[in-house]
Amino acid sequence: MLIHSKQNWEMPARGITPESTWRNRREVLQSAGFGLAGWALGGGYAGAQQAARPAGQGAAGAAAWFREGKSNPKFNRQDISPEAAATGFNNFYEFSVDKQQVKNQVGKFQTEPWKVEITGLVNKPMTLDLDDLARRMQSEERVYRFRCVEAWSMVVPWTGFPLADLIKLVEPKPEAAYVRWWTASRPKEMPGMVSQPWYKWPYYEGLRMDEAMNPLTLVATGLYGKPLPKQNGAPVRMVVPWKYGFKSIKSVVKIEFVRRQPATFWNESVPAEYGFYANVNPGKAHPRWSQATDKRIPTMEVEPTPVFNGYAEYVAKMYKGNEI
Ligand code: MTE
């Protein structure tokens, strides 16, 4: 993914958490040899959010509910990564290539008000703001394993709703075979767009229609029971847990239904290294590294990477085996 700088999955030895916020120091980081003394994270996420929807709420109440959906027990796990890891170690090239700096570069990024335009081959094109989404979509919390193509992983509790619900709302035409989406393009608020002019901004991604309709594909608006932080793609992003993380596009402003397989940001930037499908496949090495295992952030414990990132039962049936 990094064509102009060294592979930053090697992770610079820079601290991210001030001492005052330390909870359970994880010495394992140092023993893992990564020199990440600052990754002293702990406390963790309190677990499933069991908020009850208040009766007679106004728009603000609806929005709060939207971000704090009830836990879906089908997608729950005990090994949730510390919140500080998920919000302090990010890939968001519009801001920085340094994962631990992204959160420090997002200050100017305006995420409210926000509109998502849904267009293309649909019977009911529409533009929705966050309150519209809150009113029309039923949110829930899902804990998903997240696997980056750079061979690290986390386990993250997202709040969101199935993309399929949004797709049903706009009624795609029969000829709509793919969905594509774009991240906001705001060079004045996104310093990485200016410092890395060689990329084809804005970031764009896509899925085949059956992938987009798969019940696992989530439109996320929250993380750890809170509104999505800017560094994680506020206010609206995709989460496609059986694919490498670069498919999970952040800060989406436009969704389009199209006939043909769309071009995607990383595939166009480095076609030999990043495909359109990008399904997590431990048996297929990246040209520069193995994908057989991954390192869990922040402990750096090495785990075997499961096929389809552990979601084969939901998604394997969609593929004939030639989609990589
Ligand atoms: N979306 C945009 N717009 N820009 C990006 O650089 N990086 C992708 C993906 N979505 C990226 C993006 C990659 S490579 C990963 S691994 C995930 O976001 C990281 O998501 P996280 O920071 O919430 O862990």
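Remember, it's 1-based here, ligands and their atoms both numbered in the order they're listed. In this chain, residues are counted from 1 in sequence order.
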Give the atom numbers and elements of ligand 1 that come within less than 4.0 Å of a heavy atom of Ser248. 9 (C), 10 (N), 18 (O)
Which ligand 1 atoms are under 4.0 Å away from a heavy-atom of Cys148? 16 (S)
Is it true that the NZ or CZ of Lys254 lies under 6.0 Å from the centre of Trp182's six-membered ring and within 45 degrees of the ring axis? yes
Would you kindly check if the NZ (Lys) or CZ (Arg) of Lys247 is within the cone defined by 45 degrees around the ring axis of Phe276 and under 6.0 Å from the six-membered ring centre? yes
Report the part of Glu150 in contact with ligand 1, treating N, CA, C, O as backbone and CB onward as side chain, heavy atoms under 4.0 Å; options are side chain, backbone, both, neither. neither
Part of Met154 with heavy atoms under 4.0 Å of ligand 1, whether side chain, backbone, both or neither: neither
May I ask you to say whether Arg142 pairs ionically with Glu140, meaning some side-chain N is under 4.0 Å from a carboxylate O? yes
For Arg260, is there an ion pair with Glu175 - N to carboxylate O distance below 4.0 angstrom? no
Answer with yes or no whether Phe146 contacts ligand 1, where contact means a heavy atom under 4.0 Å from a ligand atom. yes
Is Glu205 in contact with ligand 1, taking contact as a heavy-atom separation below 4.0 Å? no
Give the single entry among Tyr203, Trp158, Phe89, Phe92 that approaches atom 8 (C) of ligand 1 most closely by any heavy atom. Tyr203
Give, for atom OH of Tyr144 and atom CG of Leu216, the distance between the pair rounded to the nearest 0.5 Å. 4.5 Å
Here's a test for you: under ring-ring contact (aromatic ring centres under 6.0 Å, His included), which of Trp266, Trp201, Trp198 qualifies with Tyr93? Trp266
Give a yes or no on this: more than 12 heavy atoms of other residues, nucleotides or ligands lie within 6.0 Å of atom CZ of Arg136. no
Would one find an N or O of Thr183, backbone or side chain, under 3.5 Å from an N or O of ligand 1? yes
When only distance counts, is Asn91 in polar contact with ligand 1, meaning an N/O pair under 3.5 Å? yes
